Amino acid sequence: MQKVTPRSEDYARWYTDVIQMADLATYAPVRGCMVIKPYGYALWENLQRSLDRRFKETGHENAYFPLFIPESFIKKEAEHVEGFSPELAVVTVGGGEVLEEPLIVRPTSETIIGHMFAQWINSYRDLPLLINQWANVVRWEKRPRLFLRTTEFLWQEGHTAHATSEEAEAETIQILGIYREFAEEQAAIPVTPGKKSESEKFAGALHSYTIEAMMGDKRALQSATSHNLGQNFAKAFEIKYLDTSNQQQYCHTTSWGMSTRMVGAIIMVHGDDMGLKMPPRLAPVQVVIVPIYKTDEERAAVMAMANETHETLRNAGFRVKMDNRDGLTPGFKFNDWEMRGVPIRVEIGPKDVQNRQVVLARRDQPGKEGKLFMGVDGLAENVSSLLESIHQSLFNSALAFQKANTREVETYDAFKEAVQSGFALAWWAGSREDEAAVKEETKATIRCIPFDQPGGSGKCVYTGKEAKEVALFARAY
RNA sequence: CGGGGCGUAGCGCAGUUUGGCUAGCGCGCCGGCUUUGGGUGCCGGAGGUCCCCGGUUCGAAUCCGGGCGCCCCGACCA
């Protein structure tokens with residue numbers, strides 16, 4: 001097995017190396033598409049389970065809508081069609097015959113779900129309608145990258161309808177809170193929640209909200225979005241209800257999503273030159289056991305204790321893997337599991353059998369410093385607190401990195417320097433055109449207007465006009 | 001869509017300039033021995049439409065023409 005390209009040498013290659021060497025995914029024989037391998041899919045499933053639980057706890061229900069959307073549906077909302085038409089995959093032939101109306105392979109499902117909502121909603125009593133679907137979508141991207149932007153990707157898309165503008169806004173914000181909580185508490189990724197600028201918002205939305213995270217190369221990644229669609233789609237699809245005074249009213253709708261892109265975030269936020277670091281709460285394998293022996297005699301004793309340990313930890317509810325592969329040296333296995341990012345490795349050798357102890361090695365502290373001896377008694381408790389501590393340490397170092405590379409800037413010169421490598425926080429009162437000019441000159445865009453504002457006012461970093469809000473700028477994926 | 005690179009074993013590549021013997025190497029894979037507390041070593045073996053089509057030639061991975069595909073950088077996009 002060879003080593004990954006160091007991050008400092010070529011970050012993009014490091015990223016694709018890690019994905020393939022850690023066995024998360026591989027290129028498919030179709031341009032821009034990937035095969036998610038079992039280890040990568042297991043991570044996605046853990047992520048899915050965790051998010052799904054949160055959606056259900058807040059009253060949402062899962063459903064499933066068709067992969068194909070009639071072309072005319074896409075065209076009903078003006079901004080929506082303009083935003084998405086360049087990246088649509090279109091089916092024109094079915095069963096050997098040219099279709100009367102082409103079918104779009106869904107790039108997102110606002111339109112077809114809007115069409116169904118119009119039929120399902122009649123009365124204020126039908127509201128709110130809170131639906132989520134887990135699905136694949138297709139966007140014909142010009143420049144695909146594994147997990148970050150693949151032609152086909154997996155995601156969840158929530159779609160809700162409400163009686164009032166206030167309720168729709170509250171839903172949009174609530175969901176963003178769920179995404180933030182998920183990112184921080186499950187994936188150990190600190191994020192900046194905020195509002196999208198006019199030019200960055202979703203095609204057809206009133207407002208878009210986002211959580212932005214800083215990757216290991218100091219670029220930003222939009223990790224999830226939540227949109228208040230206002231009445232735009234309700235009007236396009238006639239989603240109406242009768243209010244208590246028997247008046248027809250348009251609904252206020254929302255949509256929100258998190259995708260397999262999140263896997264890319266996990267790789268780029270935590271990974272190092274030895275490979276992945278899986279956040280413990282989502283890790284497909286939380287603990288790997290590596291038995292070490294020379295003779296058959298040793299093997300019998302070591303395996304007995306290794307199996308006992310395996311069972312103890314499994315019964316305690318951990319995701320445990322026994323690496324009893326023959327013919328591979330311990331050193332090889334250590335490196336292999338470090339590449340895969342398993343948070344805790346348990347080493348058991350003849351010496352440990354004698355002393356009724358094991359060696360625990362933590363992935364976030366490489367080498368000897370991360371190793372500690374631990375008695376077999378009470379192992380499960382110790383593993384539990386160690387996993388917690390690893391989660392915290394991953395989160396803390398990601399947060400420290402983000403803070404160290406985020407600068408508050410007042411002049412445009414300082415701004416330009418800051419966004420070369422990192423985030424810049426700056427007062428902003430510019431127009432859409434100003435934003436485009438900044439992008440042209442620096443490649444940086446407004447990632448969001450953070451919820452967390454200093455208050456008061458300041459001087460816009462670009463126009464010099466009086467500004468009431470601070471924007472977060474960065475180069476983004 | 002613009003620029004660059006590449007297509008030869010599962011993966012990474014050499015060979016192509018200057019056509020010629022049975023198409024090689026490393027990793028991985030299979031078998032055996034050896035080794036095992038930080039990427040063991042040795043021996044043997046399996047594995048190929050040299051991207052595709054056409055042409056030139058006694059002879060093409062190699063030369064000529066056409067096509068296809070993928071990757072990277074940029075523009076676009078969320």
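Chain naming here is simple, since letters A, B, ... match the order of the sequence lines and numbering starts at 1 in each. Keep in mind it's a predicted model, so treat the numbers as computed, not measured.
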Would you mind reading off the distance between [X] atom [atom1] and [N] atom [atom2], rounded to a whole angstrom?
{"X": "A:Arg261", "N": "B:C77", "atom1": "CZ", "atom2": "P", "result": "14 Å"}
{"X": "A:Arg219", "N": "B:A78", "atom1": "CZ", "atom2": "P", "result": "16 Å"}
{"X": "A:Lys142", "N": "B:A75", "atom1": "NZ", "atom2": "C1'", "result": "10 Å"}
{"X": "A:Arg145", "N": "B:C76", "atom1": "CZ", "atom2": "P", "result": "17 Å"}
{"X": "A:Tyr27", "N": "B:C11", "atom1": "OH", "atom2": "P", "result": "14 Å"}
{"X": "A:Lys196", "N": "B:C77", "atom1": "NZ", "atom2": "C1'", "result": "12 Å"}
{"X": "A:Arg13", "N": "B:C72", "atom1": "CZ", "atom2": "P", "result": "11 Å"}
{"X": "A:Asp10", "N": "B:C71", "atom1": "CG", "atom2": "C1'", "result": "12 Å"}

Q. Mapping A:Lys443 and A:Leu221 to their closest nucleotides on RNA chain B, which lands nearer the 5' end?
A. A:Lys443
(Q) Taking the nucleotide of RNA chain B with the nearest heavy atom to each, does A:Ala476 or A:Arg31 sit closer to the 5' end? (A) A:Arg31
Enumerate donor-acceptor pairs with a distance under 3.5 Å from any side-chain N or O in residues 259-266 of chain A to protein atoms, sequence neighbours excluded.
residue, atom, partner, partner atom, Å
A:Ser259, OG, A:Arg261, N, 3.0
A:Thr260, OG1, A:Leu154, N, 3.4
A:Thr260, OG1, A:Leu154, O, 3.3
A:Arg261, NE, A:Leu148, O, 3.0
A:Arg261, NH1, A:Gln222, O, 3.2
A:Arg261, NH2, A:Leu148, O, 3.2

Going by atom type alone, with no hydrogens or angles, which donor-acceptor pairs under 3.5 Å involve a side-chain atom of residues 181-192 of chain A and a protein atom two or more places apart or on another chain?
residue, atom, partner, partner atom, Å
A:Glu181, OE2, A:Arg54, NE, 2.9
A:Glu181, OE2, A:Arg54, NH2, 3.1
A:Glu184, OE2, A:Val191, N, 3.1
A:Thr192, OG1, A:Gln402, NE2, 3.4

Under 4.0 Å, heavy atoms only, any strand: does [X] hit a base, just the sugar-phosphate, or nothing?
{"X": "A:Ala203", "result": "nothing"}
{"X": "A:Tyr477", "result": "base"}
{"X": "A:Glu87", "result": "sugar-phosphate"}

Which whole number of Å gives the distance between the [atom1] atom of [N] and that of [M]?
{"N": "B:C76", "M": "B:G3", "atom1": "C1'", "value": "15 Å"}
{"N": "B:U35", "M": "B:U16", "atom1": "C1'", "value": "42 Å"}
{"N": "B:U18", "M": "B:G28", "atom1": "P", "value": "38 Å"}
{"N": "B:G7", "M": "B:C50", "atom1": "C1'", "value": "10 Å"}
{"N": "B:U62", "M": "B:C52", "atom1": "P", "value": "10 Å"}
{"N": "B:C11", "M": "B:G66", "atom1": "C1'", "value": "31 Å"}
{"N": "B:A61", "M": "B:C51", "atom1": "P", "value": "10 Å"}
{"N": "B:U56", "M": "B:C64", "atom1": "C1'", "value": "7 Å"}

Q.
Please determine whether a side-chain nitrogen or oxygen atom of A:Tyr15 lies at a distance below 4.0 Å from atom OP1 or OP2 of B:C71.
A. no
(Q) I want to check one thing: is the phosphate of B:C76, taken as OP1 and OP2, less than 4.0 Å away from some side-chain N or O of A:Lys439? (A) yes
Pairs: protein N or O with nucleotides 29-38 of chain B N or O, under 3.5 Å:
residue, atom, partner, partner atom, Å
B:G37, O6, A:Gly349, O, 3.4
B:G37, O6, A:Pro350, N, 3.1
B:G37, O6, A:Lys351, N, 2.9
B:G37, O6, A:Asp352, OD2, 3.4
B:G37, N1, A:Asp352, OD2, 2.5
B:G37, N2, A:Glu347, OE1, 3.4
B:G37, N2, A:Asp352, OD2, 3.3
B:G38, N7, A:Lys371, NZ, 3.1
B:G38, O6, A:Arg345, NH2, 2.7
B:G38, N1, A:Glu338, OE1, 3.4
B:G38, N1, A:Glu338, OE2, 2.7
B:G38, N2, A:Asn335, OD1, 3.0
B:G38, N2, A:Glu338, OE1, 2.4
B:G38, N2, A:Glu338, OE2, 3.4

**Q.** Residues within residues 153-161 of chain A bordering RNA chain B, heavy-atom distance below 4.0 Å
**A.** none
Q. In terms of ring plane angle, is the pair A:Tyr179 and A:Trp256 parallel, tilted or perpendicular, where the classes change at 30° and 60°?
A. perpendicular
Q.
Suppose we call a contact any N or O donor and acceptor under 3.5 Å apart; does that hold for the side chain of A:Arg139 and the base of B:A78?
A. no
Side chain to side chain contact (heavy atoms under 4.5 Å, CB included) involving [X] - partner list, sequence neighbours excluded:
{"X": "A:Ser393", "value": "A:Arg362, A:Asp364"}
{"X": "A:Ala474", "value": "A:Ala220, A:Phe423, A:Arg447"}
{"X": "A:Met322", "value": "A:Ile289, A:Pro291, A:Met303, A:Ala306, A:Asn307, A:His310, A:Asn324"}

Q) Tell me, which pairs form a side-chain hydrogen bond (donor to acceptor under 3.5 Å, both in side chains) where one or both residues lie in residues 65-87 of chain A, sequence neighbours left out? A) A:Ser72-A:Glu101
Q.
Consider side-chain hydrogen bond (donor to acceptor under 3.5 Å, both in side chains). Of A:Glu435, A:Arg432, A:Lys439, which one does A:Ser199 pass it with?
A. A:Glu435
(Q) Given a 3.5 Å cut-off on both pairing distances, which stems involving RNA chain B, each at least three consecutive Watson-Crick or G-U pairs, are present, if any? (A) B:1-7 with B:68-74, B:10-13 with B:24-27, B:29-33 with B:41-45, B:51-55 with B:63-67
Q: Tell me, please, which residues at least two apart from A:Phe68 pass ring pair (Phe, Tyr, Trp, His ring centres under 6.0 Å).
A: none
(Q) Under a 3.5 Å cutoff, is there a donor and acceptor pairing between the side chains of A:His227 and A:Ser208? (A) yes
Q) Is it true that the side chains of A:Tyr15 and A:Gln20 contain a donor and an acceptor less than 3.5 Å apart? A) no
Report, one line per pair, each donor and acceptor closer than 3.5 Å where one atom sits in a side chain of residues 352-361 of chain A; sequence neighbours left out.
residue, atom, partner, partner atom, Å
A:Asp352, OD1, A:Gln357, NE2, 3.1
A:Asp352, OD2, A:Gly349, N, 2.8
A:Asn355, ND2, A:Lys351, O, 3.2
A:Arg356, NH2, A:Glu308, OE2, 3.4

Q) Looking at A:Arg7 and A:Asp272, does any basic side-chain N land under 4.0 Å from a carboxylate oxygen? A) no
Q: Would you mind telling me which of B:C77, B:C72, B:C70 lies closest to the side-chain atoms of A:Arg149?
A: B:C77
Q.
Filter on salt bridge (Lys or Arg N to Asp or Glu O under 4.0 Å), then keep only pairs touching residues 11-20 of chain A, sequence neighbours left out; what's left?
A. none
